[in-house]
Student: 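Have a look at the structure that comes next, please.
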Amino acid sequence: MVLEKLPIYLEKIPGGQIVITDYNNLLSWSRKNSLWPLTFGLACCAIEMMAAGASRYDWSRFGFEVARATPRQADLMIVAGTVTEKMEKRIKLLWQQMPEPKYVISMGNCANTGGPFYYDSYTVVKGVDTIIPVDVYVPGCPPRPEGLLFGMIELQKKIMAQKKPL
């Protein structure tokens, strides 16, 4: 197994410094800096999600480089927008097809709680957390791209705090 072959410390790096770490920190650091989001926009929040990936905000600076269109290559699902009962099975199926470890960001009031449409419609789900587990909630209607970037950075902090032995 590759993890057993990783050294406890790394040799000298350019500049003469020595980095000492364990493999959990090394894996957490690499996971947090290489998250591949599954683009899953359902409503107006999807426009703000696209803006966060565009040149002005550029989420690739934070380690969210490659937005994937297939769940088998993604490890982060961003649910942006109103979740209806018709989409419930599809969201669960996409989440199940994602490889471990997988993370979910719920973006916008509609994805978080059903938003303003919950009381006027019998088909709107109360929140995506009733379908799949959510790691970070981003509030707003719709949330600004800065809010999504803040949620992504909070997810990175959460990943770094995980101490799961592999």
Side-chain angles (χ1 to χ4, degrees), residues 1-42 45-46 48-81 83 88-108 111-112 127-140 143-166:
M1 189 170 164
V2 175
L3 297 178
E4 295 170 357
K5 296 179 183 178
L6 284 175
I8 299 300
Y9 64 93
L10 300 174
E11 297 296 325
K12 288 191 174 196
I13 58 174
Q17 302 157 344
I18 297 175
V19 177
I20 299 173
T21 186
D22 61 353
Y23 70 91
N24 279 330
N25 284 338
L26 184 64
L27 287 177
S28 295
W29 179 81
S30 61
R31 280 186 184 139
K32 89 169 183 90
N33 288 314
S34 64
L35 289 169
W36 291 6
L38 174 68
T39 54
F40 198 72
L42 296 170
C45 290
E48 300 297 325
M49 181 178 66
M50 287 182 251
S55 60
R56 182 170 184 180
Y57 298 100
D58 192 21
W59 68 20
S60 62
R61 294 180 294 148
F62 302 101
F64 303 94
E65 182 66 40
V66 184
R68 307 310 295 178
T70 174
R72 291 177 182 89
Q73 296 176 350
D75 54 1
L76 168 63
M77 178 186 277
I78 302 173
V79 181
V83 179
E88 199 169 349
K89 291 180 187 176
R90 286 141 183 96
I91 290 173
K92 189 161 182 95
L93 178 67
L94 289 172
W95 182 78
Q96 289 170 345
Q97 290 177 349
M98 291 170 59
E100 290 287 340
K102 50 190 165 189
Y103 309 100
V104 177
I105 293 178
S106 176
M107 180 182 175
N112 294 345
V128 74
D129 57 352
T130 61
I131 306 167
I132 55 176
V134 174
D135 295 298
V136 175
Y137 295 91
V138 178
R144 300 264 313 140
E146 297 94 345
L148 178 59
L149 289 176
F150 180 75
M152 292 171 140
I153 292 169
E154 289 299 310
L155 178 64
Q156 286 180 328
K157 290 177 187 175
K158 187 174 183 178
I159 291 170
M160 280 304 290
Q162 290 178 347
K163 297 293 180 193
K164 292 195 287 189
L166 297 176

Student: Determine whether Thr130 and Val83 satisfy the following criterion, side-chain contact (heavy atoms from CB on, under 4.5 Å), listing intermediate values before the conclusion.
Tutor: CA-CA 11 Å; Thr130 61; Val83 179; over 6 Å; no
Student: side-chain contact (heavy atoms from CB on, under 4.5 Å) between Ile78 and Leu38: does it pass, once the steps are laid out?
Tutor: CA-CA 6 Å; Ile78 302 173; Leu38 174 68; over 6 Å; no
Student: Given side chains that start at C-beta, do those of Tyr103 and Gln156 come closer than 4.5 Å, heavy atoms only?
Tutor: no
Student: Side chains of Val79 and Met77: does their closest heavy-atom pair fall under 4.5 Å?
Tutor: yes
Student: Partners of Arg90 by side chain to side chain donor-acceptor pair (under 3.5 Å), sequence neighbours excluded?
Tutor: none
Student: Residues in side-chain contact (heavy atoms from CB on, under 4.5 Å) with Arg61, at least two apart?
Tutor: Asp58
Student: Apply side-chain contact (heavy atoms from CB on, under 4.5 Å) to Lys158 and list each qualifying residue two or more places apart in sequence or on a separate chain.
Tutor: Asp135
Student: Do you know the tightest heavy-atom contact between Phe62 and Asn33?
Tutor: O-OD1, 4.4 Å
Student: Mind checking the SG-CG spacing from Cys45 to Asn112? Nearest 0.5 Å is all I need.
Tutor: 8.5 Å
Student: At what distance, to the nearest 0.5 angstrom, does CD of Gln96 lie from CD1 of Ile91?
Tutor: 12.0 Å
Student: For the CD1 atom of Ile159 and the OG atom of Ser28, what is their distance to the nearest 0.5 Å?
Tutor: 8.0 Å
Student: Tell me every residue that passes side chain to side chain donor-acceptor pair (under 3.5 Å) with Glu146, counting only those two or more places apart in sequence or in another chain.
Tutor: Tyr57, Arg144
Student: Applying side-chain contact (heavy atoms from CB on, under 4.5 Å), can you list everything that pairs with Glu88, at least two apart in sequence or on another chain?
Tutor: Glu85, Val125, Ile131
Student: Would you compute the distance between atom OG1 of Thr70 and atom CH2 of Trp36 and round it to the nearest 0.5 angstrom?
Tutor: 11.0 Å
Student: Between Val134 and Ser106, what is the shortest heavy-atom contact and its length?
Tutor: CG1-CB, 3.7 Å
Student: Can you tell me how far apart CE (Met107) and CE (Met152) are? Round to the nearest 0.5 Å.
Tutor: 8.5 Å
Student: Do Ile105 and Leu148 touch side chain to side chain, with heavy atoms closer than 4.5 Å?
Tutor: yes
Student: Restricting to side-chain contact (heavy atoms from CB on, under 4.5 Å), what partner residues turn up for Lys157, sequence neighbours left out?
Tutor: Ile153, Glu154
Student: Which residues satisfy the salt bridge (Lys or Arg N to Asp or Glu O under 4.0 Å) test with Lys102, sequence neighbours excluded?
Tutor: Glu100
Student: Compare all side-chain heavy atoms of Trp59 with those of Pro145 and state whether any distance is below 4.5 angstrom.
Tutor: no
Student: So, using side chain to side chain donor-acceptor pair (under 3.5 Å) as the criterion, who are the partners of Asp75 when residues are at least two apart?
Tutor: none
Student: How far apart are the C-alpha atoms of Trp95 and Val104, what are their side-chain angles, what is the distance that settles it, and do they pass the side-chain contact (heavy atoms from CB on, under 4.5 Å) test?
Tutor: CA-CA 9 Å; Trp95 182 78; Val104 177; 3.7 Å; yes
Student: Which heavy atom of Met49 sits nearest a heavy atom of Ala80, and at what distance?
Tutor: SD-CB, 4.4 Å
Student: To the nearest 0.5 Å, what is the distance between CE on Met160 and NZ on Lys32?
Tutor: 6.0 Å
